[in-house]
Amino acid sequence: MDNFMFYSPTCFVFGKDAENQAGALVRRFGGTRVLIHYGGGSAVRSGLIDRVQASLKAEGLPCFLLGGVKPNPRSGLVYEGINLCRKEKIDFILAVGGGSSIDSAKAIAAGTVYDGDFWDFYSGKRIEEALPVGTVLTIAAAGSEGSPDSVITREDGMFKRGASGDAIRPKFSILNPALTQTLPAFQTAAGITDIMAHLYERYLTNTKEVEVTDRLIEALLLTMIHEGPRVIANPDNYEARANIMWAGMMAHNNSCGVGRSQDWNSHNIEHELSALYDCAHGAGLAVTLPAVFAYVMKHDVMRFAQVAVRVWGCQMDFANPEATAREGIKKLQQFFISIGMPRNFAELGAKEEDIPALVKSLCWGDGRQGSISGFVTLNEDDCAKIYQLMV
Ligand code: NZQ
Ligand code: ZN
């Protein structure tokens, strides 16, 4: 196991009606003037924004509203949020929504207290300082409610890039599984896929002897395989939604990733798809993961065979471990398809003729030097072959 430092101070408040504690939590973490930042309207329609506002009002906290965050959130609204926070002297940002609203809130939080262009953080500069952020989560997926990360798309060039820093870990996150019951089935399934991808990206490691985190990841994958179909069959199943919501947080706050190298090539390859086609991140991952895994499997066949046996119930073929590894990848893809995710470029809405542009942006865009690295290093040729496997 590698050396590590793990700092994860987010306060999680989990369960029914937990959003009514938003005002008390903002006050506890020092907020006095609050920006409520949310998405395209689901939280308004469900009455959630009204309940959150009432909770802030009960604590006597002035609040300002900025909605309109799109899935795959854009830089334009971040600049607008930064201007608003400076003008109104806002000192706390409360994101209400999914990963997109939370990531946009994190970008505004970092940008407001920074003299330069906030995009510097998305081009490699670490975030050291930010306004405090809290979240009310409405979809189990990105894990941004417990992560030090934010992903934003720069409209000039359509680069989708990530930024990181413990300063943007939420001070608190409110997780009420009942809030996810209004999700369309497709978004629920895309969230399940994203959570599983976060687990796989950590499972693909070059660090030896990491049994404790291997076993944590396997337990969470087994939970997703059990609960995913139950919630697709019955969207009102509170208990299944509760298990998925907590699994989604644990999959990405890095408790399963400490002390080991991680992959993240699949995420980078997918981000080009959601940047170009504006598809759901989870749907892009459903197509990406099986292709990447098939391509890189030979780097460490036993790792893929291990997850196939321990998670997917495959029989270990000692004479031909590659066959076991392949079977596990096939079962993963069949699972994604069974919950309603796309299987290829056509079903995702992607086009074969765009592969050169995808590869160029992936390997060279915004300061990259011709390759991406993680579990293995992939050059332009590798990436083109991987996208081709998705056709
Ligand atoms: O905008 P509204 O109207 O709220 O609709 C959203 C949106 O259309 C809808 N939705 C959310 N909660 C709902 C609901 N509809 C009905 N009822 C509810 N309770 O669902 C749609 C998707 O929302 P979004 O916030 O985009 O979903 P998600 O949480 O999957 O976030 C995706 C973004 O997170 C990034 C992705 O790249 C993508 O941009 N990621 C962020 C990470 C991080 N910060 O740590 C890590 C992830 O790997 C990921 O890259
Ligand atoms: Zn993800």
Query - Side-chain touch K171/L25, heavy atoms, less than 4.5 angstrom - result: no
Query raised in the report: Rounded to the nearest 0.5 Å, what separation is found between the CD atom of Q21 and the CG atom of N176?
Result: 10.5 Å
Report task. Verify whether one side chain among T213 and R260 offers a donor that lies under 3.5 Å from an acceptor in the other. Result -> yes
Requested in this report: Return yes if some donor-acceptor pair links the side-chain N/O of R154 with the main-chain N/O of D156 below 3.5 Å, else return no.
Outcome: yes
Query raised in the report: So how far is it from D2 CG to E209 CD, rounded to the nearest 0.5 Å?
Result: 12.0 Å
Query raised in the report: Quick one: do E239 and K16 make a salt bridge, cutoff under 4.0 Å?
Result: no
Query raised in the report: Do you see a donor-acceptor pair shorter than 3.5 Å between the side chains of N265 and E201?
Result: no
Requested in this report: Only pairs at least two apart or in different chains count here, so list each ring-ring contact (aromatic ring centres under 6.0 Å, His included) that has a residue in residues 121-153.
Outcome: Y114-F121, F118-Y122, W119-Y122
Query raised in the report: Can you tell me if D354 and Y387 form a side-chain donor-acceptor pair at under 3.5 Å?
Result: no
Query raised in the report: From I139 CD1 over to Q187 CD, what is the distance, rounded to the nearest 0.5 angstrom?
Result: 5.0 Å
Query - M316 side chain near T324 side chain, heavy-atom distance below 4.5 Å - result: yes
Query raised in the report: Would you find more than 12 non-hydrogen atoms of other residues, nucleotides or ligands less than 6.0 Å from R368 atom CZ?
Result: yes
Requested in this report: Give a yes or no on this: more than 12 heavy atoms of other residues, nucleotides or ligands lie within 6.0 Å of atom CZ of R230.
Outcome: yes
Would you tabulate the side-chain donor-acceptor contacts of residues 125-135 under 3.5 Å, counting partners in other chains and residues two or more places apart, or write 'none'?
residue, atom, partner, partner atom, Å
T135, OG1, S173, OG, 2.7

Query raised in the report: In terms of side-chain heavy atoms, does H226 have a donor or acceptor partner in N243 at a distance below 3.5 Å?
Result: no
**Report entry** Set of ring-ring contact (aromatic ring centres under 6.0 Å, His included) partners for Y200, sequence neighbours left out
**Finding:** F293
Requested in this report: Enumerate the residue pairs fulfilling side chain to side chain donor-acceptor pair (under 3.5 Å) with a member in residues 284-296, sequence neighbours excluded, ordered by first and then second residue.
Outcome: Y295-D382
Report task. Run the numbers on N206 and H299 for side chain to side chain donor-acceptor pair (under 3.5 Å), then give the verdict. Result -> CA-CA 10 Å; N206 292 308; H299 175 67; 2.9 Å; yes
Report summary line: Heavy-atom nearest pair, F14 first then M245, reads CE1-CB, 4.3 Å
Query raised in the report: Going by the angle between their ring planes, with limits at 30° and 60°, are F375 and F304 parallel, tilted or perpendicular?
Result: perpendicular
Query - Closest non-hydrogen atom pair, I372 against I269 - result: CD1-CG1, 3.9 Å
Report summary line: Taken to the nearest 0.5 Å, the spacing of S255 OG from L220 CG works out to 8.0 Å
Report task. Could you go through the ring-ring contact (aromatic ring centres under 6.0 Å, His included) check for W246 and H252 one step at a time? Result -> CA-CA 10 Å; W246 193 239; H252 202 48; over 10 Å; no
Query - Test item: side-chain donor near acceptor, Y203 and E218, under 3.5 Å - result: yes
Requested in this report: Nearest 0.5 Å please: distance from the OG atom of S371 over to the CH2 atom of W364.
Outcome: 8.0 Å
Query raised in the report: Quick one: side chain to side chain donor-acceptor pair (under 3.5 Å) pairs with a partner in residues 78-90, sequence neighbours left out?
Result: Y79-D117
**Report entry** Closest non-hydrogen atom pair, G23 against L61
**Finding:** O-CD1, 3.6 Å
Report task. Run the salt-bridge test on E327 and K330 with the 4.0 Å N-O cut-off and return the result as yes or no. Result -> no
Query raised in the report: Under 6.0 Å from the CZ atom of F6, do we count more than 12 heavy atoms belonging to anything else shown?
Result: yes
Requested in this report: Would you kindly say whether E270 and S274 are connected by a side-chain donor-acceptor distance under 3.5 Å?
Outcome: yes
Query raised in the report: Do you see a donor-acceptor pair shorter than 3.5 Å between the side chains of K106 and S144?
Result: yes
Query - E272 bridged to R161 by N-O distance under 4.0 Å - result: yes
Query raised in the report: Taking C-beta and beyond as the side chain, do E380 and K360 meet within less than 4.5 Å on heavy atoms?
Result: no
Query - Beyond-backbone contact of R202 with D263, side-chain heavy atoms, under 4.5 angstrom - result: no
Report task. Just grab all the side chain to side chain donor-acceptor pair (under 3.5 Å) pairs involving residues 54-69, residues at least two apart or on different chains. Result -> R27-E59
Report task. Establish, from distance only, whether the side-chain atoms of T32 and D91 form a donor-acceptor pair under 3.5 Å. Result -> yes
Query raised in the report: Could you give the distance from CD1 (I195) to CD (E227), rounded to the nearest 0.5 Å?
Result: 11.5 Å
Query raised in the report: Do other residues, nucleotides or ligands put more than 12 heavy atoms under 6.0 Å from E211 CD?
Result: yes
Query - Close side-chain approach of L48 to T138, heavy-atom, < 4.5 Å - result: yes
**Report entry** D214/R303 salt bridge by N-O under 4.0 Å criterion
**Finding:** yes
